[in-house]
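Bear in mind the structure is a predicted one, so any value in this text is a computation, not a measurement.
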Amino acid sequence: MSVWWVNLGERFAEQRAARALWCPNKTVLSDGSLAAPQWHWSIIQDVRAGEFVVLARDGSIEGVGIVRHTAIPDSPKPAGFPDGKWHSLGWLLPTTFILFSRSRSRDELTAGLFLEQVKYSPLLNQLDGKGRGAQIYLTRIRDIDGVALFERIAALLDVEQPGWLERGIEGALEDQGPVGAGSPAATSRAAIVQARVGQGQFRKSLVDLWGGKCSATGLDVLDLLTASHIHPWAAASDVEKLDPFNGLLLSPAFEAAFDKGLISLHADGTWLNAANLSAEQLERAGLANMERYPVSGLTERHAIYLEMHRQNALERARALTPGLA
């Protein structure tokens, strides 16, 4: 599962009306001849049904798209696209557009993200808070930025359009063909949606796996425990979303810090202060003496997810703290 970024530009209305993203499959040269497509066009073939696309336009973010079908080749331009500027045929990516009630500032929504110059990244945020966007159409966002940005967008949509995710996933599945192993329709739609907020079957599985106690502290008040994904929900495959070994049952302080990548776990269950928080900060956050609360009962199946979490947490720390080893 990936989070993508598309720059819709002046053709936003046409693609919204078509309920699809579209880009040409050939480059039109100055003499009218055709050449291979740009990389940020052809990459549309890698997008899969059920994945999310951040909808960007002119320094704003308009919302998020949920892909309904893989790209359809040799599709004509949607109505309204001007003649001559682009090749007449391209890839059509059926997508459900879920839009904010108003455009949101790209700089505000991405604050603290996209701080490193990464190849194919859609954005590089400057120290003054201004972002420099890349002149590209479509690209995949690396997990460390994509997951955090998706959750910010999702939090706003949760307020503006309650139930948007469930409706969007239902719509994304309508255009799919036969169900295959691991496809969204092969698992419970409700379970996939509920997994994002730590409810449903995923939470029940974690409660059973950890005996109804916090994986770290042993706290047994279920109302205070959150089912937290190790490899984040927005970046996980549909199987990983529901895999209980991709989760920990955590009390509030540990869950908040773990979810943000401020702390992580070594394979042996000892905690890693990934963000290099001071002793005072840890104490005020309710995380003092983390060494007293190692997580026991981790398996090799947990280790795969924990390695990804550690890598993302350390990358985030380096991006936010230049010079940190």
**Q.** Leu265 side chain reached by His309 side chain, heavy atoms, under 4.5 Å
**A.** no
Q) If you link I, L, V, M, F, W and Y whenever their side-chain heavy atoms are under 4.5 Å apart, who else ends up in the same group as Val28? A) Leu34
Q) Looking only at atom types and distance, does a side-chain atom of Ser228 sit under 3.5 Å from a main-chain N or O of Leu250, one as donor and one as acceptor? A) no
Q. Minimum heavy-atom separation for Thr217 to Ser251, with atom names?
A. OG1-OG, 3.8 Å
Q) Does the distance from a Lys or Arg side-chain N to an Asp or Glu carboxylate O, for Asp243 and Arg301, drop under 4.0 Å? A) yes
**Q.** Within-4.5 Å side-chain heavy-atom neighbours: Leu123 and Leu113
**A.** no
Q | Donor-acceptor contact below 3.5 Å, side chain Trp271 vs main chain Tyr293 | A | yes
Q: Please answer whether the main-chain N or O of Tyr137 pairs with a side-chain N or O of Asn7 as donor and acceptor at a distance below 3.5 Å.
A: no
Q.
Tell me every residue that passes salt bridge (Lys or Arg N to Asp or Glu O under 4.0 Å) with Glu283, counting only those two or more places apart in sequence or in another chain.
A. none
Q: State, without any angle test, whether Gln201 and Ser205 hold a side-chain donor-acceptor pair at a distance under 3.5 Å.
A: yes
**Q.** Heavy-atom side-chain contact between Val147 and Leu149 under 4.5 Å
**A.** no
Q. Under 3.5 Å, is there a donor-acceptor pair between the side chain of Asp158 and the main chain of Pro162?
A. no
Q. For the side chain of Thr110 and the backbone of Arg106, is there at least one donor-acceptor N/O pair under 3.5 Å apart?
A. yes
Q) Which distance, rounded to the nearest 0.5 Å, do you find between the CD1 of Ile304 and the CD1 of Ile230? A) 10.5 Å
Q) Taking the six-membered ring for Trp, is the centroid-to-centroid distance between Trp4 and Phe52 below 6.0 Å? A) no
(Q) Has Arg19 got a side-chain atom pairing as donor or acceptor with Thr96's backbone, closer than 3.5 angstrom? (A) no
(Q) With a 3.5 Å distance limit and no angle check, can you tell me whether Lys241 reaches the backbone of Ala236 through a side-chain donor-acceptor pair? (A) yes
(Q) What's the separation between atom CG in Leu93 and atom CD in Glu51, rounded to the nearest 0.5 Å? (A) 9.5 Å
Q. Hey, any chance Val221 and Val207 share a hydrophobic cluster, counting ILVMFWY side chains that come within less than 4.5 Å of each other, even indirectly?
A. yes
**Q.** Qualifying residues under salt bridge (Lys or Arg N to Asp or Glu O under 4.0 Å), relative to Asp259, sequence neighbours excluded
**A.** none
Q: Please examine the side chains of Leu55 and Ile61, heavy atoms only from C-beta on, and report whether any two atoms are closer than 4.5 Å.
A: no
Q) What's the spacing between Trp164 CH2 and Ile153 CD1 if we round to 0.5 Å? A) 8.5 Å
(Q) Just verifying a value: how many Å separate Leu262 CG and Lys260 NZ, rounded to the nearest 0.5 Å? (A) 8.5 Å
Q: Could you name each residue pair satisfying ring pair (Phe, Tyr, Trp, His ring centres under 6.0 Å) that touches residues 90-113, not counting sequence neighbours?
A: none
Q | Sidechain-backbone polar pair: Glu108 side chain, Ser105 backbone, donor-acceptor under 3.5 Å | A | no
Q.
Regarding Glu307 and Arg310, does a basic nitrogen lie under 4.0 Å from an acidic carboxylate oxygen?
A. no
Q | Output field: ring centroids Phe202/His229 closer than 6.0 Å | A | yes
Q: May I ask you to decide if Ile144's main-chain N or O and Glu315's side chain share a donor-acceptor pair within less than 3.5 Å?
A: no
(Q) Looking only at the aromatic ring of each residue, does the gap between the centers of Tyr120 and His40 stay below 6.0 angstrom? (A) no
Q: State, with a plain yes or no, whether a side-chain heavy atom of Leu282 is found less than 4.5 Å away from one of Met290.
A: yes
**Q.** Side-chain heavy atoms of Leu8 within contact of Leu21, under 4.5 Å
**A.** yes
Q. With sequence neighbours excluded, what pairs up with His302 under the ring pair (Phe, Tyr, Trp, His ring centres under 6.0 Å) test?
A. Trp210, Phe245
Q: Could you pull out all residues at least two apart from Glu116 that satisfy salt bridge (Lys or Arg N to Asp or Glu O under 4.0 Å)?
A: Arg142
Q) Distance-only, no hydrogens or angles: does the Gln161 side chain make a donor-acceptor pair with backbone N or O of Leu99 under 3.5 Å? A) yes
Q: Examine Trp5 together with Phe150 and report whether their ring centres are nearer than 6.0 Å.
A: no
Q: Work out which heavy atom in Arg102 is nearest to a heavy atom in Arg104; give both atom names and the distance.
A: NH2-NH1, 3.0 Å
